[in-house]
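To start, the structure under review is shown below, and the notes come after it.
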Amino acid sequence: MLETTQSERLGIFTRALSGNTPQETSADTKTKMRVQNLDFYYGNFRAIAGVTMDIPEKSITAIIGSSGCGKSTLLRTFNRMGDLVGHTRVRGSVTLDGENIYDRNVDVVLVRRRIGMVFQRPNPFPKSIFDNVAYGPRLLGVGGKALEQIVEQSLRDAALWDEVKDKLHQSGLALSGGQQQRLCVARTIAVKPEVILMDEPCSALDPIATYKIEELMIQLRNEYTIVIVTHNMQQAARVSGLTAFMNMNPDRAGVLVEFGPTTQIFTNPAKKETEDYITGRFG
Amino acid sequence: MPRDTFEKQVNDLKKTLLALGALTTQTISDGTEALKTRDRVTAQSLIKQDIEINRMRYDIEERAYRLIATQQPLASDLREIMSILLIAIELERIADHSKNLAEIVIRMGDEPLLKPLIDIPRMAQLCESMLGQALDAVARNDSELARAVCNRDEEIDQLYKQIFRELMTYVMEDSRTVTRALNLLFAAHNLERIGDRVTNIGERVIYAATGRLEELNVENHQMVE
Ligand SMILES: Nc1ncnc2c1ncn2[C@@H]1O[C@H](COP(=O)(O)OP(=O)(O)O)[C@@H](O)[C@H]1O
Ligand SMILES: [Mg+2]
């Protein structure tokens, strides 16, 4: 038998209760982003209809829903990436710390620096590992020793440093898929964003690489606000504090069906539509 | 439906659970009958039957683990499979309590009963009827019925207290009756525990059906003074 003292046992008990996942959001958590009555159009096609949700600071919020229901479109409205596609229109508002990012006088470049994005397929630049991470800070005028420090710190924060520290000048494209994705995370956090958007960041990765990204997200949530779109419901259940379920309404516009604590969504959702989706009895 | 196979597996699992439930219900009346008629043959076969009941419980357990590992059930599916697993364990334990009745019969040999059995068979009948209703609640996922069943546990507890007091008066009058009194008290105690386990089953049904975890009959868990 393993000998443990009462206080050790209590410690084990308390850790088991607090756990590292899933994260609970308390009432006093500050709202980082607020989405209100958001509509998004591609030409005449309304892809998002009437989405309202508050995203708490320093936490992970997951968005789930079937393919084509508008998850990526919604995520892209959070840092105005949707603007990059022609003939699009946004109605409603998205605020960051209370300021509407769609206001006329807002600097879009600054918005995208404060709200970074990691994509489905790892997309490192065809440059060295160092230059990939240094890219953003260089644009901001950082150089020399300071730049080296930022690169090292970002790679450490992305849990990649130990694997690449001896080959910083090799191409980022020579890394494995999972390493490339962590490189993209390092590149994103190198410019010190406040929010990180992730669009199915693990869908091209094997299970081990996936768990590494999840562990990384759990580390990062202490300092960043993270919103993740995922097809993997177990992943949403493992990492997020809140989960949003989206579905398509009859005219194919994406709507927010249910948004609440992850534990509740996955054990006892309030809406039948959510239940049908997460138990796989959909359509 | 995209999950026909999964649904069939869950339904089959539930059928096995209900079969285990039917067997378990029978053990309560068999055990009590053996006690009443001092029938050691029935008692022996009840002890043997417990092996089969344990086997069924492990079969259900294994199938539940396999479903969880391979299907990652969520929401009502998760609640249902977890409830099946926990109810199977309660049923197996109920059968253990019946087996304890059989063991009392064997232990007592030819020694006469301290007194004619009246309240013990009444307790047993209540247990059987409650378990039957609880299994209906399982089959129909009926949380209201489950709650009604749990409310009946109070009656069992009352009978137990009554038996306890009665047996104590025998012992106080003549201390040589203590062994025979304890045999009957042990029998009543096992039936009282069955009532509690049926209540646990009711709680699992309520959780599966509603997602609410609640402890019923907390006040009844106090010791008999
Ligand atoms: N660039 C685009 N131009 C026109 N329609 C688009 C564009 N991108 C996505 N859509 C449409 O918007 C809807 C939502 O797509 P998307 O946001 O990619 O869904 P999801 O990420 O949930 O799979 C789909 O009907 C899709 O065809
Ligand atoms: Mg998408």
Side-chain angles (χ1 to χ4, degrees), chain A residues 16-17 19 21-22 24 62-69 200 202-203 206-207 210-211 214 228 230-248 256-283, chain B residues 1-15 17 63-87 89 137-147 200-216:
Chain A
L17 280 186
T21 54
E24 294 299 334
I63 302 175
I64 59 170
S66 55
S67 279
C69 74
E200 298 185 34
C202 302
S203 61
D206 66 39
T210 297
Y211 290 134
E214 289 180 11
I228 177 178
T230 176
H231 260 128
N232 180 336
M233 281 186 283
Q234 265 69 32
Q235 175 168 73
R238 282 191 296 266
V239 302
S240 69
L242 294 178
T243 295
F245 169 59
M246 286 180 75
N247 206 351
M248 270 181 272
L256 184 64
V257 175
E258 186 168 350
F259 183 38
T262 297
T263 318
Q264 188 196 320
I265 299 279
F266 287 103
T267 62
N268 194 16
K271 300 265 173 69
K272 171 139 195 329
E273 238 177 303
T274 315
E275 170 92 28
D276 286 348
Y277 178 72
I278 67 172
T279 60
R281 287 173 185 78
F282 185 71
Chain B
M1 282 300 214
R3 301 200 78 179
D4 282 345
T5 311
F6 171 64
E7 249 167 59
K8 189 179 172 306
Q9 286 170 336
V10 177
N11 281 336
D12 287 349
L13 189 61
K14 202 158 172 178
K15 276 186 205 148
L17 180 76
R63 281 155 66 188
Y65 294 149
R66 204 177 316 137
L67 280 172
I68 292 168
T70 58
Q71 302 279 357
Q72 285 98 40
L74 291 169
S76 60
D77 292 334
L78 175 65
R79 302 202 306 267
E80 178 160 33
I81 292 170
M82 286 311 295
S83 297
I84 290 174
L85 175 61
L86 294 169
I87 290 171
I89 295 169
V138 172
R140 297 198 300 237
N141 232 348
D142 184 340
S143 60
E144 282 318 300
L145 181 58
R147 208 179 291 277
N200 294 345
I201 293 176
E203 288 171 359
R204 296 298 130 197
V205 174
I206 293 169
Y207 178 63
T210 67
R212 280 197 303 275
L213 273 180
E214 40 190 280
E215 185 171 10
L216 300 166

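Keep in mind that the numbers below use all heavy atoms, side chains included, and drop hydrogens, waters and symmetry copies. Below, chain A is the first sequence line, B the second, and so on; all start at residue 1.
Smallest separation of non-hydrogen atoms from B:I206 and B:A146: CG1-CB, 4.1 Å. Contact detail for B:A208 and B:E80: the closest heavy-atom pair is CB-CA, 4.3 Å.
For CZ of B:F6, the number of neighbouring non-hydrogen atoms (other residues, nucleotides, ligands) closer than 6.0 Å is greater than 12.
By the 4.0 Å N-to-carboxylate-O rule, A:E273 lies too far from A:K271 to be salt-bridged with it. A salt bridge links B:K8 with B:D12: the distance from a Lys NZ or Arg NE/NH1/NH2 to an Asp or Glu carboxylate oxygen falls below 4.0 Å.
The contact list for residues 68-78 of chain B toward chain A, using heavy atoms and a distance under 4.5 Å, reads B:Q72, B:L74, B:A75, B:S76, B:D77, B:L78 by residue number.
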Take A:E214 and A:Q235, measure what side chain to side chain contact (heavy atoms under 4.5 Å, CB included) needs, and give me the verdict at the end. CA-CA 8 Å; A:E214 289 180 11; A:Q235 175 168 73; 2.9 Å; yes

